[in-house]
Amino acid sequence: MRTAALGPEQRAEALARMAETELDVLVVGGGIVGAGTALDAVTRGLSTGIVEARDWASGTSSRSSKLIHGGLRYLEMLDFALVREALKERGLLLERLAPHLVKPVPFLYPLQHRAWERLYAGAGVAMYDAMSVSSGHGRGLPRHRHLSRRHALQVAPALKKEALVGALQYYDAQVDDARFVATLVRTAAEYGAFAANRARVVGFLREGERVVGARIEDLEQGGEFEVRARQVVNATGVWTDDTQGLIAERGQFHVRASKGIHLVVPKDRINSTTGLILRTEKSVLFVIPWGRHWIIGTTDTDWDLHKAHPAASSADIDYLLDHVNSVLAVPLTRDDVEGVYAGLRPLLAGESEATSKLSREHTVAHPVPGLVVIAGGKYTTYRVMAKDAVDEAVHALDHRVADCVTEQVRLAGAEGYHALWNGRARLAQRAGLHVARVEHLLGRYGSMTEEVLDLVEKDPELGEPLPAADDYLKAEIVYACTHEGARHLDDVLTRRTRISIETFDRGARSARECAELMAPVLGWDSDQVDREVEHYEKRVEAERESQLQPDDQTADAARLGAPDIVPV
């Protein structure tokens, strides 16, 4: 089937179509749950629209640990149902739905006590593997194995000898979270959903008690318009309570935000062939392979400040460095840190004050007729959350609606991916690129790689890498605007690529070149190019300043020194 593009023309058309027709379902929120809900609804045959106030995945869904996992620590909490559900979803994503985006990743768990810990932790990991296989979708990952200290140090020479007496190694999976969301939205658009980012809900339409749509502000072109819908789904994550406030109704539950920060360091700073999972006094710490880098995270602290731009403080960074250095033979320093990012988890408020103990389960509510609210949950189980939200919405529709089919719906780029991967050497030769470059493209776009290479064929200069971020081709910057809905420089450097966290300059040296590549597609003049670059440089400066501050309050104030290029 054809691949939908999310370029400027398609956005304008989507807004126009939403304004002129009554939808079955309007989804508010363009993170992982909102995107999944749009795909679920449209593949049941429902007329569907999705709007996002900022960029796709610009909130929590681009700032996670980038893992697709069952959650080993939830086994310890005896939450077997959540782990079983997540492991099934992990298997579906790896094997069928998105094999081009979700990849296996090994983790080493160092043991610090003899006998009892190996027995205890080994039993947990064995159960984890068994639950994965029993789900029917877990046979593609290697089973866990027990390692002696000598063998563990061969696999991960970076570890201190005294930091372990042995180890366990097991497998989970990882994903580029922002890219996954953008691909979900494109897949929904392929099936007929109308999708528009930078379109903010400023109010809900009411007929008596019933919600019958939303009032939308176009933050790019200006102006407001109404979108009528039989059911509206609020999937705004940590903004759930704020969105509920627009209807002046008290919600049936509340969402609290928990801040998690991550560090990105170059691959050569930690000598290991495997990721690491370490216990902390509060939770666990991951060291995750990420291309030519490592991601180290995360923290878990309450956050009640600005939601759009959670800031990492100096204390947060020191916390992660101290904990990872407790097991590394060669400690990391601040100078090793290429990138830092902070995200907010939407947790359902519970009895416990400790955010690490708040519920990772999700909840669906129907607070008033015509409005469904979905909140909580884990990235890995987005598809289940989406199904539950749409199931709730269709109860109120006056006609029979098909059951959920997303367990069978491959994401854009998945169809034909394995065949292209097997023929990657021929594809590289035909495109005039090194095979490693084609592997990189296949891991980001799957079978849509051919669309990127079409741009190179038309303009061979786009086949060159960006000088200051040579993991990426110039064509990828253009493609982000023509096909992936990027509207601003920050969208490209932060979410369509990961240049903002994968380079020591945080993308500043690539900013102008990328803006000039984007300009013809988005119709920018030289003044707009200058504004985009200036805004991005100020954002980088504000983030660096926030990361020097001692606490959340001062870090938040420093980060807010750089305003959004499109105020929300």
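Note that the structure is a prediction, hence the values are computed from the model and not measured. Only this structure's heavy atoms are used, side chains among them; waters, hydrogens and symmetry mates stay out.
Under the 3.5 Å distance criterion, the side-chain polar atoms of Ser62 are matched with a main-chain donor or acceptor of Ala57. Judged purely by atom type and a 3.5 angstrom limit, Ser58 has no side-chain atom pairing as donor or acceptor with the backbone of Arg54. Side-chain N or O atoms of Thr240 include none that pairs as donor or acceptor with a backbone N or O of Val255 at under 3.5 Å. With hydrogens and angles disregarded, a donor-acceptor distance shorter than 3.5 Å links the side chain of Trp294 to the backbone of Ile270. Using a distance-only test at 3.5 Å, with no hydrogens or angles considered, no donor-acceptor pair links the side chain of His434 to the main chain of Ala428. The main-chain N or O of Ile32 is found under 3.5 Å from a side-chain atom of Ser61 such that the two form a donor-acceptor pair. Between the side chain of Thr274 and the backbone N or O of Pro106, at least one donor-acceptor pair lies under 3.5 Å. Judged by distance alone, with hydrogens and angles left aside, the side-chain atoms of Thr497 form a donor-acceptor pair with the main-chain N or O of Val492 at under 3.5 Å. The backbone N or O of Leu141 sits less than 3.5 Å from a side-chain atom of Arg143, completing a donor-acceptor pair. Here the side chain of Lys88 pairs no donor or acceptor atom with the backbone of Arg84 at under 3.5 angstrom.
The shortest non-hydrogen separation linking Leu348 to His362 is CD1-C, 4.1 Å. Pairing each heavy atom of Ile296 with each of Leu320, the nearest pair is O-CD1, 3.6 Å. Ile50 and Gly29 get closest at one heavy-atom pair: CD1-O, 3.6 Å. Thr299 approaches Ile261 most closely through the heavy-atom pair OG1-N, 3.0 Å. The nearest pair of heavy atoms linking Val185 to Ala35 is CG2-CB, 3.7 Å. Nearest heavy atoms, Ala468 versus Thr503: O-CG2, 3.8 Å.
In summary, of the residues considered (Tyr128, Phe286, Tyr171), a ring-ring contact (aromatic ring centres under 6.0 Å, His included) with Phe107 occurs for Phe286 alone. When each of Asp490, Asp491, Asp55 is tested with Arg496 by the rule salt bridge (charged side-chain N to carboxylate O under 4.0 Å, His left out), just one qualifies, namely Asp55. With Asp177 as reference, Arg498 is the one residue of Arg63, Arg498, Arg495 to meet the salt bridge (charged side-chain N to carboxylate O under 4.0 Å, His left out) rule. Of the options Thr380, Thr381, Leu94, a side-chain contact (heavy atoms from CB on, under 4.5 Å) to Ile68 is made by Thr380 and by none of the others.
Side-chain contact between Arg145 and His151 is present, with at least one heavy-atom pair separated by less than 4.5 Å. Inter-residue side-chain proximity for Val401 and Leu46 is flagged as met; some heavy-atom pair is nearer than 4.5 Å. Residues Phe180 and Val102 form a side-chain contact, since some pair of their non-hydrogen atoms from C-beta on lies under 4.5 Å apart. Looking only at side-chain heavy atoms (C-beta outward), Thr48 and Tyr191 stay at 4.5 Å or farther from each other. Under the 4.5 Å side-chain criterion, counting only non-hydrogen atoms from C-beta, Val265 is not in contact with Trp290. Side-chain contact between Leu111 and Leu147 is absent, with no heavy-atom pair separated by less than 4.5 Å. Val390 places a side-chain heavy atom less than 4.5 Å from the side chain of Thr37. Val478 places a side-chain heavy atom less than 4.5 Å from the side chain of Leu462.
Annotation: cation-pi geometry not satisfied between Lys259 and Tyr319 (NZ/CZ under 6.0 angstrom from ring centroid, within 45° of ring axis).
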**OP:** Give the C-alpha distance, both sets of side-chain angles, the deciding distance and a yes or no for side-chain contact (heavy atoms from CB on, under 4.5 Å) between Val27 and Val33.
**Re:** CA-CA 10 Å; Val27 181; Val33 178; over 6 Å; no

Original post:
Should Met385 and Val364 be marked as a side-chain contact (heavy atoms from CB on, under 4.5 Å) after you check the CA-CA gap, both sets of side-chain angles, and the distance that decides it?
Top reply: CA-CA 8 Å; Met385 296 174 67; Val364 180; over 6 Å; no

Original post:
Does the pair Val438 and Leu442 meet the rule for a side-chain contact (heavy atoms from CB on, under 4.5 Å), with working shown?
Top reply: CA-CA 6 Å; Val438 170; Leu442 287 169; 3.9 Å; yes

**OP:** Check the pair Lys387 / Glu85 against salt bridge (Lys or Arg N to Asp or Glu O under 4.0 Å), numbers first and verdict last.
**Re:** CA-CA 13 Å; Lys387 174 186 179 298; Glu85 179 179 83; over 6 Å; no

**OP:** Evaluate side chain to side chain donor-acceptor pair (under 3.5 Å) for Arg90 paired with Ser132, printing each intermediate quantity in order.
**Re:** CA-CA 9 Å; Arg90 184 191 72 176; Ser132 174; 2.8 Å; yes

Original post:
Would Asp391 and Arg44 count as a salt bridge (Lys or Arg N to Asp or Glu O under 4.0 Å) if you check the C-alpha gap in whole Å, the side-chain angles of each, and the deciding distance to 0.1 Å?
Top reply: CA-CA 10 Å; Asp391 282 347; Arg44 296 193 198 199; 2.8 Å; yes

**OP:** Decide side-chain contact (heavy atoms from CB on, under 4.5 Å) for Tyr536 and Thr494; before the verdict, give the C-alpha distance in whole Å, the side-chain angles of both, and the deciding distance to 0.1 Å.
**Re:** CA-CA 10 Å; Tyr536 186 78; Thr494 306; 4.2 Å; yes

**OP:** In sequence, state the C-alpha distance, the side-chain angles, and the governing distance for Glu450 and Arg430, and then conclude on salt bridge (Lys or Arg N to Asp or Glu O under 4.0 Å).
**Re:** CA-CA 11 Å; Glu450 294 184 308; Arg430 189 167 77 242; 3.8 Å; yes

**OP:** Give the C-alpha distance, both sets of side-chain angles, the deciding distance and a yes or no for side chain to side chain donor-acceptor pair (under 3.5 Å) between Glu502 and Tyr472.
**Re:** CA-CA 11 Å; Glu502 292 177 347; Tyr472 300 95; 2.8 Å; yes

**OP:** Could you go through the salt bridge (Lys or Arg N to Asp or Glu O under 4.0 Å) check for Arg383 and Glu407 one step at a time?
**Re:** CA-CA 8 Å; Arg383 198 191 60 80; Glu407 194 168 315; 3.7 Å; yes

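Here Arg539 pairs with Glu543 in a salt bridge; the nearest charged N to carboxylate O distance falls below 4.0 Å. Salt-bridge annotation for Glu338 and Arg292: absent, with no side-chain N of the basic residue lying under 4.0 Å from a carboxylate O of the acidic one.
In the model, Thr298 has no side-chain atom that pairs as donor or acceptor with a side-chain atom of Ser65 under 3.5 Å. Between the side chains of His144 and Gln169, no donor-acceptor pair of N or O atoms lies under 3.5 Å. In this model, a donor atom of one side chain and an acceptor atom of the other lie less than 3.5 Å apart for Glu476 and Tyr445. No donor-acceptor contact under 3.5 angstrom links the side chains of Thr449 and Arg444, judged on distance only. Side chains of Trp56 and Glu484: a donor-acceptor N/O pair is absent below 3.5 angstrom, by distance only.
For Asp268, the CG atom is densely surrounded, since the number of other residues' heavy atoms within 6.0 Å is greater than 12. Applying the 6.0 Å contact sphere to CD of Gln429 captures no more than 12 heavy atoms from other residues, nucleotides or ligands. Environment of CD in Gln154: crowded, with over 12 heavy atoms of neighbouring residues, nucleotides or ligands closer than 6.0 Å.
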Show me the donor-acceptor pairs, under 3.5 Å and distance only, between side chains in residues 418-427 and residues at least two apart or in other chains.
residue : atom : partner : partner atom : Å
Asn422  : ND2  : His418  : O            : 3.3
Arg424  : NE   : Glu439  : OE2          : 2.8
Arg424  : NH1  : Trp421  : O            : 2.7

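Using a 30° and 60° split on the angle between ring planes, His100 and Tyr417 fall in the tilted class, from 30° to 60°.
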